[in-house]
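Note on naming: letters A, B, ... go to the chains in the order of the sequence lines (proteins, then strands), and numbering restarts at 1 for each one.
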Number of protein chains: 2
Amino acid sequence: MTSSRTGGGRREQTRQKLFVAAQQLIAEQGFSATSVDEIAERAGVAKGTVYYNFKSKNELFEELLRHGVGLLTAALREASAAHPDAPIDQLDAMIREGLAFIEQYRAFARLLLSELWRTNRAWQNTLTLLREEAVAVVRASLDAAVASGELRADLDTGLVAAAIFGMVLVVAVDWLTFQPERSLDDVHAVLSTMVRGRLAAE
Amino acid sequence: MTSSRTGGGRREQTRQKLFVAAQQLIAEQGFSATSVDEIAERAGVAKGTVYYNFKSKNELFEELLRHGVGLLTAALREASAAHPDAPIDQLDAMIREGLAFIEQYRAFARLLLSELWRTNRAWQNTLTLLREEAVAVVRASLDAAVASGELRADLDTGLVAAAIFGMVLVVAVDWLTFQPERSLDDVHAVLSTMVRGRLAAE
DNA sequence: ATTTTTGTACTGACCAGTCAGTTCAAAAGA
DNA sequence: TCTTTTGAACTGACTGGTCAGTACAAAAAT
């Protein structure tokens with residue numbers, strides 16, 4: 001799986017190990033409280049290697065953010081594409097996919113939640129763009145659902161998309177942190193119900 | 001207003017100034033990235049004063065959390081009490097009150113969002129208890145709404161309460177960060193609609 | 001042969017927490 | 001009334017330690 005021409009596989013492996021280590025430590029302690037020495041140690045790598053692969057601690061973190069959000073948006077787009085002509089099912093599938101992603105990459109989700117709404121940090125611009133990208137995927141389905149008459153026409157889809165994105169993120173992290181005994185299906189059912197508008201008694 | 005026997009008023013003022021300064025800086029930069037020197041400077045106070053009033057940087061932050069969450073839960077309880085026999089209206093009022101609180105104390109809300117789901121930090125226990133308190137207020141209304149038949153009986157009120165709490169927090173902060181031109185009423189309308197189950201077309 | 005990693009040592013900046021000393025308003029004493 | 005004392009509140013220089021980033025020669029992998 002790594003024997004191609006330029007031999008870049010080894011380096012990529014090292015970068016992955018560093019991503020995983022940084023992810024865990026920053027989710028636990030926060031960015032500033034996590035030292036480069038710690039990251040290197042947890043990744044089983046020398047400190048010099050960190051600086052051979054990344055320009056700085058900041059850049060390591062920014063690339064980690066791009067990498068993670070890239071995976072997430074790809075997963076959302078895929079879930080959405082699985083239901084071409086049923087916008088509401090798209091939303092449902094994206095919620096499920098979002099929950100599954102967060103379950104798999106808990107540390108990343110926690111760190112995203114901690115950093116996404118912070119101001120005045122070096123990576124704020126990067127993060128804002130990434131958020132835009134993810135929210136746009138959700139919004140597209142909402143717009144389609146409005147167009148097809150499945151959702152009320154007076155909805156502010158930008159606001160609702162941001163709300164759904166944030167809600168899924170925060171509820172999933174809360175679930176994994178404080179109520180890990182719940183199943184993904186339980187959590188999905190609640191969120192799906194809210195989005196479908198079936199909280200009220202029938 | 002501050003001339004009573006022991007003269008404790010001055011100290012309280014200093015503590016308030018420190019709370020405000022710490023709140024702003026930690027919301028912007030995070031706890032670890034914020035130095036005690038910075039907090040003291042922004043509060044217009046010498047560094048020694050911080051340590052005269054608080055045992056440590058950690059304790060200053062923990063007391064700040066307790067103080068802020070105390071205000072929030074008090075506001076929620078009050079909103080809830082304003083509609084004694086209408087659980088759904090209680091929820092609605094709490095959402096509005098939550099949004100208003102966050103609008104007023106943006107910095108605190110951001111910091112809460114950043115720290116609430118972090119693991120392995122010194123103040124985790126404090127924060128978990130505070131979260132429990134706030135979620136319990138929401139849950140009480142949900143339980144009442146289920147009992148009165150206004151919400152479906154098969155709802156997991158604990159999960160839904162956590163979801164609503166988290167959703168309001170994250171949507172409010174997202175609103176103030178990325179779409180500040182919206183009005184509180186817009187945001188309230190979206191959240192209220194979701195909770196009332198009216199997202200779907202009529 | 002070239003890229004990548006290692007390990008150790010180093011630097012300069014920054015930072016939490018301490019402490020000896022200062023300020024000042026109010027109480028006690030004259 | 002005027003002086004002295006008290007003590008809570010505050011100050012800011014200082015200390016011991018930590019950390020991001022650098023340097024580089026030797027080793028390992030490709």
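- For A/Asp37 and C/dT6, the CG to P distance is 14 Å, given to the nearest whole Å.
- Distance, B/Glu41 CD to C/dC15 C1': 14 Å, rounded to whole Å.
- Here A/Arg10 does not reach the OP1 or OP2 of C/dT4: none of its side-chain N or O atoms lies under 4.0 Å away.
- Screening residues 63-73 of chain A for side-chain hydrogen bond (donor to acceptor under 3.5 Å, both in side chains), with sequence neighbours left out, gives A/Arg15-A/Glu63.
- B/Glu12 places its CD atom 17 Å from the P atom of D/dA8, with the value rounded to the nearest Å.
- Applying the salt bridge (charged side-chain N to carboxylate O under 4.0 Å, His left out) test to every pair with at least one member in residues 28-37 of chain A, sequence neighbours left out, gives these pairs: A/Glu28-A/Arg42, A/Asp37-A/Lys47.
- Contacts with DNA chain D (heavy atom under 4.0 Å) in residues 17-35 of chain B: none are found.
- Side-chain atoms of A/Ser114 come within 3.5 Å of backbone atoms of B/Ser114 as a donor-acceptor pair (strictly under, hydrogens ignored).
- Scanning for side-chain contact (heavy atoms from CB on, under 4.5 Å) contacts around A/Ala43 gives A/Lys17, A/Leu18, A/Ala21, A/Val45, with sequence neighbours left out.
- Atom CZ in A/Arg11 sits about 13 Å away from atom P in C/dT6, given to the nearest Å.
- The salt bridge (charged side-chain N to carboxylate O under 4.0 Å, His left out) analysis of residues 164-175 of chain B, with sequence neighbours excluded, yields the pairs A/Arg131-B/Asp174.
- Remark: P of D/dA9 and CD of B/Gln13 are 13 Å apart, rounded to the nearest angstrom.
- With sequence neighbours left out, A/Leu76 forms a side-chain contact (heavy atoms from CB on, under 4.5 Å) with A/Leu72, A/Met94, A/Val137.
- Non-hydrogen atoms lying under 4.0 Å from DNA chain D are contributed by B/Val45, B/Ala46, B/Gly48, B/Thr49, B/Tyr52, B/Asn53, all within residues 45-59 of chain B.
- B/Phe54 is linked by a ring pair (Phe, Tyr, Trp, His ring centres under 6.0 Å) to B/Phe19, counting only residues two or more places apart in sequence or in another chain.
- Shown here are the ring pair (Phe, Tyr, Trp, His ring centres under 6.0 Å) partners of A/Phe61, two or more places apart in sequence or in another chain: A/Phe31, A/Trp123.
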